[in-house]
Amino acid sequence: HDEDVVHLQKAAPKHWFKPGLNIRIEHCPTRFGQLNWSTESVAGETGRPKWRISIQWTPDFAATLVVHVHSPDRRPLKSTSLGELHPDRIVLPAALLKGKQHVSLDVA
């Protein structure tokens with residue numbers, strides 16, 4: 001498609017999102033510029049995982065980011081501190097990212 005969208009972690013297996021595990025990608029090339037991101041998984045109060053996601057990009061980056069989170073228990077995501085919540089992903093519209101080079105979000 002010709003949409004200005006970048007998907008992160010779309011093909012990552014569910015077991016990578018278990019508490020205690022981290023995903024870290026550096027200098028990932030996209031047609032919109034380079035990205036760095038990390039996803040830290042921790043156990044929440046109920047034992048269900050929570051994720052702290054940090055994303056950095058080059059100044060000229062101008063696309064919507066779709067951050068996929070594959071909960072190991074297959075239950076839908078319940079909350080995000082930033083962006084649009086969907087059952088298995090968070091959408092960070094380009095307008096939200098404009099003028100920034102870094103965001104962090106908490107997902108549960």
Side-chain angles (χ1 to χ4, degrees):
H1 60 77
D2 291 334
E3 295 178 25
D4 294 344
V5 176
V6 174
H7 291 264
L8 305 180
Q9 307 177 151
K10 187 172 184 178
K14 284 185 281 305
H15 69 270
W16 285 11
F17 295 90
K18 289 182 179 178
L21 297 180
N22 297 307
I23 300 169
R24 184 179 176 104
I25 307 297
E26 294 183 355
H27 310 295
C28 179
T30 75
R31 64 185 171 122
F32 307 102
Q34 283 191 355
L35 290 171
N36 299 324
W37 79 89
S38 64
T39 300
E40 177 185 2
S41 300
V42 297
E45 298 81 38
T46 63
R48 184 174 178 177
K50 290 178 153 185
W51 301 273
R52 175 74 171 175
I53 301 168
S54 179
I55 309 166
Q56 301 159 347
W57 55 88
T58 55
D60 55 343
F61 190 87
T64 293
L65 290 174
V66 179
V67 183
H68 296 264
V69 177
H70 306 280
S71 180
D73 63 10
R74 299 184 178 194
R75 294 191 315 199
L77 302 175
K78 294 190 179 228
S79 66
T80 181
S81 62
L82 185 67
E84 302 166 8
L85 180 66
H86 295 262
D88 63 347
R89 65 194 177 279
I90 306 340
V91 177
L92 303 170
L96 177 73
L97 306 177
K98 188 174 182 173
K100 299 176 183 163
Q101 284 186 262
H102 177 267
V103 294
S104 292
L105 54 148
D106 295 309
V107 178

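- Applying the ring pair (Phe, Tyr, Trp, His ring centres under 6.0 Å) test to residues at least two apart or on different chains, the pairs with a partner in residues 63-86 are His7-His68, Phe17-His70.
- Looking only at atom types and distance, the side chain of Thr39 has a donor-acceptor partner in the side chain of Gln9 under 3.5 Å away.
- Between the CG atom of Leu82 and the CG atom of Leu97 there is a distance of 8.0 Å, given to the nearest 0.5 Å.
- Contact annotation: the side chain of Pro19 never approaches that of Val42 to less than 4.5 Å [non-hydrogen atoms, C-beta and beyond].
- In the hydrophobic clustering of this structure, Leu77 does not group with Leu21; members are Ile, Leu, Val, Met, Phe, Trp, Tyr whose side-chain heavy atoms approach within less than 4.5 Å, directly or through other members.
- With rounding to the nearest 0.5 angstrom, the CH2 atom of Trp16 is 11.5 Å from the OG atom of Ser41.
- Both Ile23 and Val103 are assigned to one and the same hydrophobic cluster, defined by single-linkage of ILVMFWY side chains at heavy-atom distances under 4.5 Å.
- Once rounded to the nearest 0.5 Å, the distance linking CG of Asn22 with OG of Ser38 reads 7.5 Å.
- A distance-only check finds a donor-acceptor pair linking the side chain of Thr30 to the backbone of Gly33 [under 3.5 Å].
- Listed by first and then second residue, the salt bridge (Lys or Arg N to Asp or Glu O under 4.0 Å) pairs that reach into residues 12-21 come to none, sequence neighbours excluded.
- At a threshold of 4.5 Å between side-chain heavy atoms, the hydrophobic network of Ile, Leu, Val, Met, Phe, Trp and Tyr places Val107 and Ile25 in one connected group.
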Intermediate values then yes/no, salt bridge (Lys or Arg N to Asp or Glu O under 4.0 Å), Glu84 and Arg89: CA-CA 8 Å; Glu84 302 166 8; Arg89 65 194 177 279; over 6 Å; no
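- Nearest heavy atom pair, residue Val91 against residue Pro93, reads O-CD, 3.4 Å.
- Cluster membership for Ile53 and Val5, using ILVMFWY side-chain heavy atoms within less than 4.5 angstrom, is not shared.
- The distance from the OG atom of Ser71 to the NZ atom of Lys78 is 10.0 Å, given to the nearest 0.5 Å.
- Contact check on Arg48 versus Asp73 returns a salt bridge, with a Lys/Arg side-chain nitrogen under 4.0 Å from an Asp/Glu carboxylate oxygen.
- With contacts defined as side-chain heavy-atom distances shorter than 4.5 Å, the pair Thr64/Leu92 does not qualify.
- Contact detail for Val6 and Phe61: the closest heavy-atom pair is CG2-CZ, 4.0 Å.
- By the 4.5 Å heavy-atom criterion applied to side chains, Asp4 and Arg31 are counted as neighbours.
- A chain of hydrophobic side-chain contacts below 4.5 Å, direct or via other Ile, Leu, Val, Met, Phe, Trp or Tyr residues, connects Phe32 to Leu65.
- Counting heavy atoms from C-beta outward, Leu8 and Leu35 have side chains that approach closer than 4.5 Å.
- Side-chain contact check for Trp57 versus Asn36: every heavy-atom pair is 4.5 Å or farther apart.
- Asp106 approaches Ser81 most closely through the heavy-atom pair N-OG, 2.8 Å.
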Let me see the working for Ser104 and Arg52 under side chain to side chain contact (heavy atoms under 4.5 Å, CB included), right down to the final yes or no. CA-CA 7 Å; Ser104 292; Arg52 175 74 171 175; 3.5 Å; yes
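- Remark: the backbone N or O of Val67 is not paired with any side-chain donor or acceptor of Trp37 at under 3.5 angstrom.
- The OG atom of Ser79 sits 7.0 Å away from the CG atom of Leu85 when rounded to the nearest 0.5 Å.
- Partners of His15 under the side-chain hydrogen bond (donor to acceptor under 3.5 Å, both in side chains) rule, at least two apart in sequence or in another chain, do not exist in this structure.
- Ion pairing between a basic and an acidic side chain is recognised when a charged N comes within 4.0 Å of a carboxylate O; Glu40 and Arg24 show no such pairing.
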